[in-house]
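Some notes on the structure that comes next.
The chains referred to below are lettered A, B, ... by the order of the sequence lines, with proteins before strands, and numbering in each begins at 1.
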2 protein chains.
Amino acid sequence: MSKRPADPANGSAPAARQVPMRDFSRSLPMSLLRAREAVMRQFRPSLREHGLTEQQWRILRALASIEAVEVTELARTAFLLGPSLSRILRDLEARNLIERKTAKADQRRSMVSISKEGVKLMASVAPTSEAIYAEITSRFGARKLAELQEMLGELEQSLAGLGAGNEASAEE
Amino acid sequence: MSKRPADPANGSAPAARQVPMRDFSRSLPMSLLRAREAVMRQFRPSLREHGLTEQQWRILRALASIEAVEVTELARTAFLLGPSLSRILRDLEARNLIERKTAKADQRRSMVSISKEGVKLMASVAPTSEAIYAEITSRFGARKLAELQEMLGELEQSLAGLGAGNEASAEE
DNA sequence: CGGAGATACTTAACATGTTAAGTGAATGCG
DNA sequence: CGCATTCACTTAACATGTTAAGTATCTCCG
């Protein structure tokens, strides 16, 4: 299909090593990405067996501890963007795992809650999920885990409201 | 700000609070996700101005320090799955930011390298990128940052080869 | 030499991330 | 009251994540 002689008489050595930067693999974003992936890799198989994606599970968990929430609030809790949440809620509702009803006082808002089926599904997933979490805690060390999460929280805090500098002086 | 009449004459009470689990917002995956997002939020605007996504930038950076790499190796370095990488390389090649040529010894392999234009683009992005990284380091603290990355690496290590238990006894 | 199996990608298909635009419902103000 | 704004979502459009297939090569063994 794609032959791609690409560059006849190329010969020229590629232009690498021209832009010095920190070792890429040790950047903070990469460290966080790899660590998170290492963790999620443990959970995905179990969730998959129950027909749930990581995000769907996040939503169910967020709903499990409350009666009902507005979509916007749920987005903040489950750390999902509105559009993603909107799609996922549509699907979860179709699977009868959640319920939605328009707020009486404000027709724009819709209150979301987990259904009985949703609760049942959670109950079937939670044990395995907790066991995996326990295994991770045990391997890494409970104390270190707490420290790590403390540091992650501090990192968040120290960056909160950074890049917001443009908002006040928004142009265009 | 948040009114939240929450539950006026609701009627049928949704089935919540039935499945006890750790506080969702404090789970390790969520901590990692939020921390990473807090960090990336700082970089995205700058990358966007240069017409690059986070992943495209990862690829260029990975390519910047070497002459050429096979796609599979690049996938490991940039921490991308094959299919994602395949699509992105197609686009970067169309934009003349990278070059591809089939390996002589093995026609299956294709060697990828950054182009002169790619290097030029990197040179225009790197300063801002480094400045942002410096600001983050300064805010969070260089020492703490090093500690955090150390812990993240250890976390990865402690989970390496966990969930691999099924592989040996693979069925089906 | 030849074909089964392994490799290195690429495509396909579906779900989510991300930004922009659209829609219907509240609000505020003249 | 009337209407421009703001709100709370939802749709749309495009890029990536993720798993499963598909393709072309290459290897190795009989």
Side-chain angles (χ1 to χ4, degrees), chain A residues 1-4 29 33-34 36-37 40-41 43-45 47-49 51-59 68-76 78-95 98 100-112 163 172, chain B residues 1-5 29 33-34 36-37 40-41 43-45 47-49 51-59 68-76 78-95 98 100-112 163 170 172:
Chain A
M1 173 169 288
S2 55
K3 257 312 153 42
R4 192 180 307 294
L33 182 57
R34 281 197 302 250
R36 186 177 141 79
E37 179 53 29
M40 285 315 301
R41 200 195 318 285
F43 291 100
R44 260 190 279 271
L47 292 178
R48 187 174 169 70
E49 280 178 21
L52 289 175
T53 65
E54 181 192 333
Q55 293 80 359
Q56 293 169 343
W57 177 236
R58 286 220 297 275
I59 291 172
V69 263
E70 305 169 16
V71 173
T72 300
E73 169 68 7
L74 180 56
R76 182 166 42 245
F79 210 71
L80 293 169
L81 293 179
S84 294
L85 182 55
S86 204
R87 280 178 305 216
I88 301 176
L89 288 180
R90 165 165 50 68
D91 299 345
L92 291 180
E93 186 174 28
R95 287 166 64 183
I98 66 162
R100 242 189 308 201
K101 57 166 73 175
T102 304
K104 301 173 192 59
D106 188 337
Q107 301 287 30
R108 290 171 307 179
R109 300 168 198 271
S110 101
M111 305 302 289
V112 184
E172 189 166 345
Chain B
M1 173 64 64
S2 53
K3 262 310 155 48
R4 191 179 307 299
L33 182 57
R34 281 197 301 249
R36 187 177 140 78
E37 179 53 29
M40 286 315 301
R41 199 196 318 284
F43 291 100
R44 260 189 279 271
L47 292 178
R48 187 174 171 69
E49 278 178 19
L52 288 175
T53 65
E54 181 191 332
Q55 292 81 359
Q56 294 169 342
W57 178 238
R58 285 220 297 275
I59 292 173
V69 263
E70 305 170 16
V71 173
T72 300
E73 169 68 7
L74 180 56
R76 181 166 42 246
F79 209 70
L80 293 170
L81 294 180
S84 293
L85 182 55
S86 204
R87 281 177 304 215
I88 301 175
L89 288 180
R90 165 166 50 68
D91 299 344
L92 290 179
E93 187 174 28
R95 289 166 63 182
I98 66 162
R100 243 189 305 202
K101 54 166 73 174
T102 304
K104 302 171 193 58
D106 188 339
Q107 302 285 30
R108 292 171 306 180
R109 300 169 197 270
S110 101
M111 305 301 289
V112 184
E172 197 161 340

message: Can you tell me if B:Ser110 touches the phosphate of C:dA8, counting only side-chain N or O atoms and a distance under 4.0 Å to OP1 or OP2?
response: no
Distance-only donor-acceptor test, B:Arg87 side-chain atoms vs D:dG17 base atoms, 3.5 Å: yes
statement: When rounded to whole Å, the CD1 to C1' distance for the pair A:Ile88 and C:dG17 reads 10 Å
- request: Consider the side chain of B:Val71, meaning its heavy atoms from C-beta on, and name the nucleotide among D:dT16, C:dT18, C:dC9 that approaches it most closely.
  value: C:dC9
message: What is the distance, to the nearest angstrom, from the CZ atom on B:Phe79 to the C1' atom on D:dT16?
response: 14 Å
message: By nearest heavy atom, map A:Arg108 and A:Gly82 onto DNA chain C; which one lands nearer the 5' end?
response: A:Gly82
query: In terms of side-chain heavy atoms of B:Leu81, which of D:dG17, D:dT10, C:dC9 is nearest?
result: D:dG17
Side chain to side chain, B:Arg95 and B:Leu52, heavy atoms closer than 4.5 Å: yes
statement: Of B:Glu73 and B:Glu37, the one whose closest nucleotide on DNA chain C sits nearer the 5' end is B:Glu73
- line: Here the distance between atom P of D:dT18 and atom CZ of A:Phe43, to the nearest Å, is 15 Å
- request: To the nearest Å, give me how far apart CG (B:Leu74) and P (C:dT10) are.
  value: 11 Å
task: Taking the side chain as every heavy atom from C-beta outward, state whether B:Glu70 and B:Arg108 have any pair of such atoms under 4.5 Å apart.
output: no
message: Is there a side-chain contact between A:Leu92 and A:Val112 in this structure, where contact means two heavy atoms from C-beta onward sitting under 4.5 Å apart?
response: no
query: Yes or no on side-chain contact (heavy atoms from CB on, under 4.5 Å) for B:Arg34 and B:Glu37, after CA distance, side-chain angles and deciding distance?
result: CA-CA 5 Å; B:Arg34 281 197 301 249; B:Glu37 179 53 29; 5.7 Å; no
query: What is the nucleic acid contact for A:Thr72, judged by heavy atoms within less than 4.0 Å: base, sugar-phosphate only, or nothing?
result: sugar-phosphate
- request: Among the candidates D:dG17, C:dT18, C:dT10, find the nucleotide nearest to the side-chain atoms of B:Arg58.
  value: D:dG17
- request: Would you mind reading off the distance between A:Trp57 atom CH2 and D:dT18 atom P, rounded to a whole angstrom?
  value: 19 Å
field: Spacing of A:Asp106 atom CG relative to C:dT23 atom P, expressed in whole Å
entry: 20 Å
task: Ignoring the backbone of B:Arg48, work out which of C:dA8, C:dT10, C:dA20 is nearest its side chain.
output: C:dA20
- prompt: Does a nitrogen or oxygen in the side chain of B:Gln55 sit under 4.0 Å from OP1 or OP2 of C:dG17?
  reply: no
statement: Picking from D:dT16, D:dT19, D:dT11, the nucleotide nearest the side-chain atoms of A:Pro83 would be D:dT11
- line: Considering only heavy side-chain atoms of A:Arg109, the closest of C:dA26, D:dC9, C:dG17 is D:dC9
message: If you only use heavy atoms from C-beta on, which nucleotide in D:dG17, C:dT18, C:dT10 is closest to the side chain of B:Arg100?
response: C:dT10
query: With respect to the side chain of B:Gln107, which nucleotide from D:dT25, C:dG17, C:dC9 is positioned closest?
result: D:dT25
- request: Take A:Leu89 and B:Lys104, find for each the nucleotide of DNA chain D with the closest heavy atom, and name the residue whose nucleotide sits nearer the 5' end.
  value: A:Leu89
query: Should A:Ser84 be listed as having a side-chain N or O under 4.0 Å from OP1 or OP2 of C:dT16?
result: no
field: Gap between atoms CE and P, on A:Met40 and D:dT18 respectively (whole Å)
entry: 9 Å
- prompt: Once you round it to whole Å, what is the distance between C1' of D:dT18 and CZ of A:Arg41?
  reply: 12 Å
- prompt: Checking all strands, does B:Leu85 fall into the base, sugar-phosphate, or nothing category for heavy-atom contacts under 4.0 angstrom?
  reply: nothing
field: Euclidean distance, B:Leu85 CG relative to B:Leu74 CG, rounded to 0.5 Å
entry: 5.0 Å
- prompt: Got a salt bridge between B:Glu73 and B:Arg76, using NZ or NE/NH1/NH2 to carboxylate O under 4.0 Å?
  reply: yes
